[in-house]
Amino acid sequence: MEITDSTIDYVAALAKLELSSEEKEKAKKDLGSILDYMATMNELDTDGIEPMSHVFPIRNVFREDVVTNQNNREALLQNAPEKKDGCFKVPKTVE
Amino acid sequence: MDITTLSALKVGKKIKQKELSVTEAVKAQLDKIKSQDASYNCYISLLEEEALSQAIEVQKRLEAGEWKESPLAGVPVAVKDNICTKGVKTTCASKILHNFVPPYEATVIERLKAAGAVIIGKTNMDEFAMGSTTETSFFGVTKNPRNTAHVPGGSSGGSAAAVAADEAFYALGSDTGGSIRQPSAFCGVTGIKPTYGTVSRYGLVAYASSLDQIGPIGKDVADCAAALDIISGYDRKDSTSVKKDNYDYSKALVDDVKGMRIGIPRGYLGKGLDDEVRVSILAAAKELEKKGATVEEFDLEAIDYAIPAYYVIASAEASSNLSRYDGIKYGFRTEAFEGLQEVYKQTRSEGFGMEVKRRMMIGAFVLSSGYYDAYYNKALKVKALIKQGFDKAFEKYDIILGPTAPSTAPKLSESLSDPLKMYLDDIYTVSVNLTGLPAISVPCGNDSAGLPIGMQLIGRHFGEKDIIRAAYSFERTKA
């Protein structure tokens, strides 16, 4: 499959990545051959087969809505690159 | 005597019989790691102080009469660095998590500690468990202790290499497409990927959630069974955990395979398989036959399409799971940015390695509109057919036998240049993850260069006891 520059740009945008021109070239080549390989699945007739996401028959799991979490704001914030007044700090999103 | 060469169970026994203190066991392990790990790079973090203070605590409780029925109490264990350890750095071998300290404990770690285990360190791996060589780690390559010119396999390469190099009595790994079994095969140790849902994934950093499963790596089958006894069982914190208990895997350590029906998929012995590996696998099958099992070849349906289906599904789930790394709540954040979108993009672009980026892009592509049906939906249908193939096989056979990997460990950097080639290292292992089945890799010989060969035994769902029994019986023929 021929992967164009615009496909790479589109996929990178979806994945929230910015690629250098070198990375783009490499990605174009690799993605093309990997997707070709993935397309070999088309040799297999899957007409009438239901797509299966879970191997086991699954049921929803219900429980009483009981609060079990403690107030551990400090612990949750300890890894934040930037924080302020007990909150995660992010750059301004509106002018 | 160098106790680090002993099995985990033997060390546990020595501790019980007061021939060895927990501190002595921990110190011996630390000394071994410090004296030689520079050659292998099995560990990302060594928990020296924590382990020594834990040892004193465990010793006290042992002397107070606790853990009488816990065979691994006091025995140091190594943990793959994608399993969260409260208060201890968990990096996933990625720059993006290089400074992450989890505020909570993975369920498996809680269970190990409750059984008296001492965590000795966090082991190296492929970044976010994506790879088959442990060469994509931000913290450098791990080398195969059997021959340092070769890779240890991946992605649990650090855990397998640590056990092989006597730098861990046993270790935990995670297996998404073969990441416990394949490095176990390459390093000449034993590893089990349990049935999906058997071991809680709570606290395992997610790569592909429908395929990921934690499991043990040990020097022999008995150690693996003992570790699996500890970590298995229902956990309400993992919605995919199966409500089942009393696994008692150690009870399956019986040297008897009489009447066991073993099938070898013809496709597992065909093109792409190294000749020396084939000879070794068939010889191992003969040994089991001599012990009373029946062995025959059969055709496993749809199996040729397991790898493409696996990489579509794994990449799709990875692209979704890894969207949480955005530089806001934890981990690395870029320094230069303007606005929120830039924080996300720059952080991710600088924080992830190439293999992770590649899989996230493939994932985004196969899930994108216009391609979803052709790739993702198709892969889920192929998965259904592979499951049907296994279901049919298990009507006739108790276990399925084959190689763990198509060759012995490749040379360092040989696979990295060609991602497709690296993906093919998982050819015999991925179908087990797609179908949620349990499987074990057990050493069955060496090639002419002296590199280990692994045999894989696959069981039906919750058929761990069958594969443990067969692997244990096979191990006895070598003893």
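Computed from heavy atoms alone, side chains included, the values below leave out hydrogens, waters and symmetry copies. Each chain gets a letter, A, B and so on, in the order the sequences are listed, and its residues count up from 1. Just so you know, these numbers come straight off a predicted model, no measurement behind them.
Taking CE of A:Met38 as the start and OH of B:Tyr305 as the end, the distance is 15.5 Å to the nearest 0.5 Å. Put simply, CD on A:Glu18 and CD on B:Glu350 are 9.5 Å apart, with the number rounded to the nearest 0.5 Å. The CG atom of B:Leu385 sits 4.0 Å away from the CD1 atom of A:Ile49 when rounded to the nearest 0.5 Å. One finds the OH atom of A:Tyr37 at 11.0 Å from the OH atom of B:Tyr423 (value rounded to the nearest 0.5 Å). Distance CG/B:Asn99 to CG/A:Asn79: 7.0 Å, rounded to 0.5 Å. Considering CG of B:Asn377 and CD of A:Glu50, their distance stands at 9.0 Å, rounded to 0.5 Å.
The minimum heavy-atom distance linking B:Ile328 with A:Phe88 is given by the pair O-CD2, 3.7 Å. Closest of all the heavy-atom pairs between B:Gly436 and A:Val55 is N-CG2, 4.1 Å. Closest heavy-atom contact between B:Gly327 and A:Pro81: O-CG, 3.4 Å. In plain terms, the two heavy atoms of A:Met41 and B:Val382 that are nearest each other are SD-CG2, 4.0 Å.
Taking a 6.0 Å sphere around NZ of B:Lys237, one finds it holds more than 12 heavy atoms contributed by other residues, nucleotides or ligands. Heavy atoms of other residues, nucleotides or ligands lying less than 6.0 angstrom from NZ of B:Lys244 number more than 12. Other residues, nucleotides and ligands contribute more than 12 heavy atoms inside 6.0 Å of the NZ atom of A:Lys28. For CD of A:Glu43, the number of neighbouring non-hydrogen atoms (other residues, nucleotides, ligands) closer than 6.0 Å is greater than 12.
Looking at heavy atoms from C-beta onward, B:Ser368 lies in side-chain contact with A:Leu14 at the 4.5 angstrom threshold. In this structure, B:Phe365 and A:Thr7 have side chains that are in contact, with non-hydrogen atoms separated by less than 4.5 Å. Contact of the B:Val343 side chain with the A:Val90 side chain is not registered, since no non-hydrogen atoms from C-beta on lie closer than 4.5 Å. Counting heavy atoms from C-beta on, the side chains of B:Asp326 and A:Lys16 never come closer than 4.5 Å.
Looking at A:Leu31, only its side chain comes within 4.5 Å of chain B, counting heavy atoms on both sides. With a 4.5 angstrom heavy-atom cutoff, B:Ala379 touches chain A via backbone and side-chain atoms both. Of the atoms belonging to A:Lys89, it is backbone heavy atoms, and not side-chain ones, that fall under 4.5 Å from chain B. Only the side chain of B:Leu424 comes within less than 4.5 Å of a heavy atom of chain A; its backbone N, CA, C and O stay farther away. At a 4.5 Å heavy-atom cutoff, B:Tyr310 makes no contact with chain A through either its backbone or its side chain. Proximity to chain A (any heavy atom under 4.5 Å) is shown, for B:Ile313, by neither the backbone nor the side chain. Heavy atoms closer than 4.5 Å to chain B are found in the backbone of A:Asp45, but not in its side chain. When heavy atoms are compared at a cutoff of 4.5 Å, A:Leu35 approaches chain B by way of both its backbone and its side chain. Heavy-atom distances place no part of B:Ser209 under 4.5 Å from chain A, backbone and side chain included. If you measure heavy-atom distances from B:Tyr371 to chain A, the contacts under 4.5 Å come from the side chain alone. Heavy atoms of A:Ser33 lying under 4.5 Å from chain B belong to its backbone as well as its side chain.
Between chain A and the options B:Gln388, B:Met360, B:Lys357, B:Arg236, the largest number of non-hydrogen pairs under 4.5 Å is found for B:Lys357. Chosen from A:Ile8, A:Val11, A:Leu17, the residue pairing most often with chain B at heavy-atom distances under 4.5 Å is A:Leu17. Contacts with chain B were tallied for A:Leu19, A:Asn42, A:Asn72; A:Asn42 has the most, counting heavy-atom pairs under 4.5 Å. For the set A:Pro51, A:Ala12, A:Ala80, the count of heavy-atom pairs under 4.5 angstrom toward chain B peaks at A:Pro51. Of the listed residues B:Ser210, B:Ser319, B:Ala384, B:Ser239, the one with more heavy-atom pairs under 4.5 angstrom with chain A than any other is B:Ala384. Between chain A and the residues B:Phe352, B:Tyr311, B:Tyr330, the most heavy-atom pairs under 4.5 angstrom are made by B:Tyr330.
In this structure, B:Arg358 pairs ionically with A:Asp30, as a charged nitrogen and a carboxylate oxygen lie closer than 4.0 Å.
Judged by distance alone, the side chains of B:Lys378 and A:Thr46 do bring a donor and an acceptor atom under 3.5 Å apart.
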